2 protein chains.
Amino acid sequence: MPTIYDVAREAGVSAATVSRVLNGARTVDPAMVARVLTAVRELGYRPNAVARNLRRSRTTLWAVIISDIGNPFFTATVRGIEDVAQQAGYSVVLCNSDEDPAKEETYVAAALSEQMAGVIISSSGSAKAAKSLLDSPIPVVAIDRQLPRGEADTVVVDNEAGAGTATRHLLDAGYRRVACITGPEGVSTADLRLRGYTSALSACQPPGEPLIVRTDFREQGGYDAMGSLLSSAERPDAVFVANNLMTVGALRCLADHDVRVPAEMGVVGFDEIPWADLVRPSLTTVAQPTYELGRMAARLLVDRIATPAGRPARVVLPAELRPRQSSAFQHNAR
Amino acid sequence: MPTIYDVAREAGVSAATVSRVLNGARTVDPAMVARVLTAVRELGYRPNAVARNLRRSRTTLWAVIISDIGNPFFTATVRGIEDVAQQAGYSVVLCNSDEDPAKEETYVAAALSEQMAGVIISSSGSAKAAKSLLDSPIPVVAIDRQLPRGEADTVVVDNEAGAGTATRHLLDAGYRRVACITGPEGVSTADLRLRGYTSALSACQPPGEPLIVRTDFREQGGYDAMGSLLSSAERPDAVFVANNLMTVGALRCLADHDVRVPAEMGVVGFDEIPWADLVRPSLTTVAQPTYELGRMAARLLVDRIATPAGRPARVVLPAELRPRQSSAFQHNAR
DNA sequence: GTGAAAGCGCTAACAC
DNA sequence: GTGTTAGCGCTTTCAC
């Protein structure tokens, strides 16, 4: 691998001049610029970013640590991040913690060691990872989920309101016993969506106790949770599921047990799913402005890099109910 | 940020000793090890990976450049890669080229500049990116799609055979005019799946010409392609779609035009979809061993890093037809 | 077993 | 406008 000195020798200039040319300084003689560029091309020279980063003590890489790469929610979010990042001159690398706090800690450690320019994280709940991040000088933005006890810039949707809307929607449709499947304690989306559900429920005062199952945010978890609801003493006639993957699992469980949706079981899932309108019955969801979430997070990160001090911002975007067939109570079907 | 010298001073040893302790050299006095570790903890010292990478001229990061982060195919693949990488002591960062050759080139350039330990790439077709990669000393493994004219380690499925099986399956089911929606020219999966389709078709000699639409590998492309097939002079009664996202688009188009599947249109899609069995009709697919693809690619990369020279390996895994309802021709429905 | 010193490749003062 | 020089933080000979 040729170094900047090889280029300098080839072009008959100093390494400093090569550096200037490559970094777009305008105080260089056009003739020299040409010579340098020729040498660069001939040698196939590629600047060593590691050396540059060390010298500058900064990098142009953002780490985006997401809790599940298989979740379509993150797809659009990441696109939003990438679009802003690119414009601001950063490259985005994705790290998949897979809902595993240990993996999350590994990636946080890597991002810090590698002196990444910034981190955007959807926490899988590791307090240790959060602490490392907040103790470091590296700018952090929390997205989708709050950082455990974290004073950081944050972009989320109004989870509580969205969950409340979904629950009321089921009650309004005529379902009488609405259950809730939510995620792990300590993960903000799980807790807030649960709170939205319980608030809506207690406001309507339906008979019986709230029926709540906590599991992980994954498909298998949703499947198992639905299974336990089906065999519970007072079986629900509707369920609000707090994320998309668990909703898929719940639907699969209902299909396996020949439970008809929406006649025997109404279903609303949090998070949009790309094919929600293709399944039969089509799936009622609470949709988030994913792309916009990503954009906002990226903008906050750009700002935070420019201004490290200052009070953390907190952006709350609205979530929106998309009523479809899976929550359409049918009297004659009962 | 404390440096290794701060730790050395605090512990009353030299920086070299700190380095030895942190890198697990056994030739260090246990008492010193203890002092160093205490100092590390007290100062909250975190080694600067950038400096280490520069000094060692190697890193422990792999770049996995995938063509579409929204494609569930890559989800499982990435998990396979991560599991092997972690065991071998590497961290994986994902780069999303979004089927955009320009973005791909950007990420390849970043991976090379950052001196990544290795690259696993699902090419979106950029010859320039491929050339940069192959000209560099960094080990590369192509996954899912061959690198344009690339002599690199490669892990793919038998696309031609899989496409042939899918096409024959439709013909055997009784469909008479089977069309094909495939991806961009120059992307190996698009070309090979098309070839598998045409071979199977010509072997069966159905009436009429093959009906082929090329588009990108994205959902909207599939939607548009299906639309043009529906309005073509000799409208097909079945379609083989060469990837999952385009299949979703095609299904959506069929739904929008009230075309009944499988009665009026048989559908088989390449790539499994997590919810293929949840849609009605359920979707016939050609499934790939995604996790295994990822594992193999990662193993090849580990080997290649250990042994940079030597003939490139080429691993071809089988794809498997999963017949479901969308390809079940029904005589009485016609 | 431990420390001193050199240097990975680059950039940014500083001098001219 | 260009070159010389120092040094980013670490690892790794090489002495001792």
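Quick note on labels: first sequence line is chain A, next is B, and so on, each numbered from 1. What you see is a predicted model, and the numbers here were worked out from it, not measured in a lab.
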Basic-acidic side-chain contact under 4.0 Å: B:Asp68, A:Arg79: yes

D:dT11 phosphate, OP1 or OP2, under 4.0 Å from B:Asn23 side-chain N/O: yes

A:Arg145 with A:Asp191: basic N within carboxylate O range, under 4.0 Å: no

Atom pair distance, as rounded to whole Å: CZ in B:Arg56 and C1' in C:dG7: 16 Å

Side-chain donor-acceptor contact under 3.5 Å, B:Thr59 with B:Gln115: no

D:dG9 phosphate, OP1 or OP2, under 4.0 Å from B:Thr3 side-chain N/O: no

Given C:dG9, D:dT4, D:dC10, the nucleotide with the shortest approach to the side chain of A:Ser14: D:dT4

Test: B:Arg295 and B:Asp83 ion pair at under 4.0 Å: no

Charged N-O contact under 4.0 Å between B:Asp29 and B:Arg20: no

Proximal nucleotide (of D:dT2, D:dT12, C:dA12) relative to the A:Ala16 side chain: C:dA12

Among D:dG9, C:dC10, C:dA12, the one nearest A:Arg58 by side-chain distance: C:dA12

Proximity to DNA chain C (any heavy atom under 4.0 Å), residues of residues 107-116 of chain B only: none

Terminal axis angle for the helix from C:dG1-D:dC16 to C:dC16-D:dG1, five pairs an end, nearest 10 degrees: 40°

Atom-pair distance (CZ on B:Arg35; C1' on C:dG1), nearest Å: 13 Å

Donor-acceptor side-chain pairing of A:Ser124 and A:Glu99 below 3.5 angstrom: no

Euclidean distance, atom OH of residue B:Tyr5 to atom C1' of D:dC8 [Å, nearest integer]: 11 Å

Heavy-atom pair of closest approach, residues A:Ser126 and A:Glu105: OG-OE2, 2.6 Å

Base of C:dG3 paired with side chain of B:Arg20 (donor-acceptor, under 3.5 Å): yes

Sugar-phosphate, base or nothing in reach of B:Ser57, heavy atoms under 4.0 Å: nothing

Heavy-atom closest pair, residues A:Leu54 and B:Ala51: CD1-CB, 3.8 Å

Interatomic distance where CZ belongs to B:Arg55 and P belongs to C:dA5 [whole Å]: 16 Å

Length of the line joining A:Ile4:CD1 and D:dT2:C1', which is rounded to integer Å: 14 Å

Sugar-phosphate only, base, or nothing, as touched by B:Val13 at under 4.0 Å among non-hydrogen atoms: sugar-phosphate

Full working for side-chain contact (heavy atoms from CB on, under 4.5 Å) between A:Met116 and A:Trp62: CA-CA 6 Å; A:Met116 299 269 185; A:Trp62 284 359; over 6 Å; no

Proximity to the side chain of B:Asp29 - top-ranked nucleotide from C:dT11, D:dC10, C:dG1: C:dG1

Whole-Å gap separating P (D:dG1) and CZ (A:Arg26): 12 Å

Between P of D:dC10 and CG of B:Asn53, the distance in whole Å: 12 Å

Exercise: identify the closest heavy-atom pair between B:Gly89 and B:Thr60: O-CB, 3.9 Å

From D:dG3, C:dG9, C:dG1, nucleotide with atom closest to A:Leu54 side chain: C:dG9

Proximal nucleotide (of D:dG9, D:dT2, C:dT11) relative to the A:Thr17 side chain: D:dT2

d(CE, A:Met1; C1', C:dC10) in whole Å: 15 Å

